[in-house]
Enquirer: 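Handing you this structure, nothing more for now.
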Number of protein chains: 2
Amino acid sequence: MNRTQNKVQQIPESDDIQKMDTQTEAFRHNRELRKLALNDDYLELIADLIAKTGEARTVDIACRLGVAQPTVTKVIARLKREGMVISEPYRAIYLTDAGRLIAEKAKHRHQIIVSFLMAMGVDPAIAEHDAEGIEHHVSTETLQAFMAFLDRI
Amino acid sequence: MNRTQNKVQQIPESDDIQKMDTQTEAFRHNRELRKLALNDDYLELIADLIAKTGEARTVDIACRLGVAQPTVTKVIARLKREGMVISEPYRAIYLTDAGRLIAEKAKHRHQIIVSFLMAMGVDPAIAEHDAEGIEHHVSTETLQAFMAFLDRI
DNA sequence: TACATATTATAGCAAGGGCTATATTTTGAA
DNA sequence: TTCAAAATATAGCCCTTGCTATAATATGTA
Ligand SMILES: [Mn+2]
Ligand SMILES: [Mn+2]
Ligand SMILES: [Mn+2]
Ligand SMILES: [Mn+2]
């Protein structure tokens with residue numbers, strides 16, 4: 001039985017219960033974001049490679065991510081199933097409209113966060129590094145707060 | 001063969017190579033951080049439960065995280081292997097010194113980030129939510145920049 | 001054109017986090 | 001003290017990301 005309805009133990013205040021539910025929702029959502037983070041990174045990188053060289057090859061993705069080639073192949077297969085990516089055997093990888101949209105949003109968040117961290121006095125290299133992780137966990141509201149700060153200064 | 005030493009394709013500028021290596025390192029490190037994120041959450045939560053009730057029970061951890069009980073049992077077994085946690089069968093879970101240290105650091109980062117986001121004008125509930133994800137991806141330098149900002153205002 | 005080399009695919013392994021169903025143990029209330 | 005209910009453990013499943021080794025294909029150059 002669910003511990004929330006256990007009458008035997010300490011009875012939390014209704015404020016605390018609200019807080020717990022909120023926290024649980026945050027945990028749930030963050031587990032989801034952790035999964036989506038990999039998609040973001042792949043799609044943003046693919047967009048980047050296409051912008052620079054016209055196509056995204058498996059080797060290049062693997063090299064940039066610091067991961068073995070079969071790992072990339074497998075993730076790309078999933079992204080293909082999910083309609084994020086187009087590819088033929090032995091050919092380069094391209095983005096669908098859905099994939100491109102996610103890539104653009106990811107890049108946007110990435111850039112804002114790097115700019116923001118630098119504005120906070122963080123070293124550019126470290127800002128870039130931290131942004132690679134933070135970008136996946138920033139809500140629209142927080143991103144807007146960052147943008148507002150950048151406008152303000 | 002590694003694509004970085006491929007002479008046939010476009011030859012990147014040495015600045016670009018440096019940037020690529022930096023990015024690859026960021027990706028590698030962030031994959032590591034993604035794993036450690038779960039440890040942080042568990043240990044911080046266990047510390048929280050111990051502070052409030054004197055012990056951390058599997059049910060309570062599961063309930064708070066919004067996860068099934070066997071999932072918690074399995075993760076706790078790993079944390080035990082890793083020396084972060086102490087537990088006997090059918091008994092509550094406690095922290096080792098190593099585990100407590102990580103929990104304290106996690107809580108510290110968590111609090112700083114919540115305060116910082118609120119100082120940036122983010123709604124408290126959203127700040128709490130975003131912090132739950134961001135906390136795992138903030139370097140010491142960035143955290144200090146946040147603290148410096150909080151001191152400044 | 002032929003073939004060496006680079007690239008991609010496939011097979012198969014490990015570990016981790018999630019789940020449900022079910023067995024076992026603890027515990028509080030009658 | 002007993003026993004039903006709560007808590008925990010265990011078994012067994014799925015899916016994902018990572019890896020290495022190796023097979024298949026593409027491609028540029030001789
Ligand atoms: Mn990233
Ligand atoms: Mn990014
Ligand atoms: Mn967290
Ligand atoms: Mn936290």
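Below, chain A is the first sequence line, B the second, and so on; all start at residue 1.
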Enquirer: Can you tell me how far apart CD (B:Glu25) and NE2 (A:His129) are? Round to the nearest 0.5 Å.
Expert: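 Separation between the atoms: 7.0 Å.
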
Enquirer: Return the residues of residues 29-40 of chain B meeting this criterion: a heavy atom under 4.0 Å from some atom of DNA chain C. Order them by number, or give none.
Expert: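 Nucleic-acid contacts, sorted: B:Leu38.
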
Enquirer: Is the side chain of A:Ser115 donor-acceptor paired with the backbone N or O of A:Gln111 at a distance under 3.5 Å, no angle test?
Expert: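 Checked: pair present.
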
Enquirer: Between D:dA26, C:dA9, C:dG16, which nucleotide has the shortest distance from any of its atoms to the side chain of A:Arg91?
Expert: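 For A:Arg91, the side-chain atoms sit closest to D:dA26.
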
Enquirer: Could you give the CD1-to-P distance, from B:Ile93 to D:dA7, as a whole number of Å?
Expert: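 From B:Ile93 CD1 to D:dA7 P: 13 Å.
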
Enquirer: From CG of B:Leu79 over to C1' of C:dG16, roughly how many Å is that when rounded to an integer?
Expert: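 Rounded to whole Å, this separation is 12 Å.
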
Enquirer: Between the side chains of A:Asp40 and A:Lys105, is the shortest nitrogen-to-carboxylate-oxygen separation below 4.0 Å, so that they form an ion pair?
Expert: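 No, A:Lys105 and A:Asp40 are not salt-bridged.
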
Enquirer: Kindly check if the number of other-residue, nucleotide or ligand heavy atoms within 6.0 Å of NZ (A:Lys107) is above 12?
Expert: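 No.
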
Enquirer: May I ask you to test the B:Glu82-B:Arg78 pair for a side-chain heavy-atom distance under 4.5 Å?
Expert: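 With C-beta onward as the side chain, the pair touches.
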
Enquirer: Which sits closer to the 5' end of DNA chain C, A:Thr73 or A:Arg28, going by the nucleotide each is nearest to?
Expert: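 With A:Thr73 and A:Arg28 compared, the 5'-side residue is A:Thr73.
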
Enquirer: Rounded to the Å, how far apart are B:Arg78 CZ and D:dT10 P?
Expert: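 Those two atoms, CZ and P, are 18 Å apart.
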
Enquirer: In whole Å, I'd like the distance from the CE atom of A:Met84 to the P atom of D:dT16.
Expert: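 That distance rounds to 14 Å.
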
Enquirer: For nucleotides 20-23 of chain D, tabulate all protein N/O to nucleotide N/O atom pairs closer than 3.5 Å, reporting atom names and distance.
Expert:
none

Enquirer: Between P on C:dG17 and CD1 on B:Ile76, what's the gap in Å once rounded to a whole number?
Expert: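 Value for this atom pair: 11 Å.
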
Enquirer: When rounded to the nearest 0.5 angstrom, what is the spacing between CG in A:Asn30 and NE2 in A:His136?
Expert: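 Between A:Asn30 CG and A:His136 NE2, I get 12.5 Å after rounding to 0.5 Å.
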
Enquirer: How close or far is atom P of D:dA26 from atom CZ of A:Arg57, stated in whole angstroms?
Expert: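 From A:Arg57 CZ to D:dA26 P: 11 Å.
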
Enquirer: Once the angle between the rings of A:Phe146 and A:Phe116 is folded into 0 to 90°, is it parallel (under 30°), tilted (30 to 60°) or perpendicular (over 60°)?
Expert: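 Answer is parallel, since the angle falls under 30°.
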
Enquirer: In plain terms, say whether B:Arg64 and B:Asp48 are close enough for a salt bridge, that is, a side-chain N and a carboxylate O under 4.0 Å apart.
Expert: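 Salt bridge present between B:Arg64 and B:Asp48.
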
Enquirer: In whole angstroms, how far is the C1' atom of C:dG18 from the CD1 atom of B:Ile61?
Expert: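 Computing the B:Ile61:CD1 to C:dG18:C1' distance gives 16 Å.
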
Enquirer: For B:Arg81, answer base if it contacts any base atom (sugar-phosphate contacts may also be present), sugar-phosphate if it contacts only those atoms, and nothing otherwise; contact means non-hydrogen atoms under 4.0 Å.
Expert: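 It contacts sugar-phosphate atoms only.
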
Enquirer: In whole angstrom, give the distance that lies between atom CD of A:Glu88 and atom P of C:dA9.
Expert: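 Between P of C:dA9 and CD of A:Glu88: 10 Å.
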
Enquirer: Where the side chain of A:Asp60 meets the backbone of A:Ala56, is there a donor-acceptor pair that is under 3.5 Å apart?
Expert: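 Flag not set: sc A:Asp60 to bb A:Ala56 has no pair under 3.5 Å.
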
Enquirer: With hydrogens left out and only the distance checked, is there a donor-acceptor pair under 3.5 Å joining B:Lys74's side chain and the base of C:dG18?
Expert: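 Side chain to base: pair present.
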
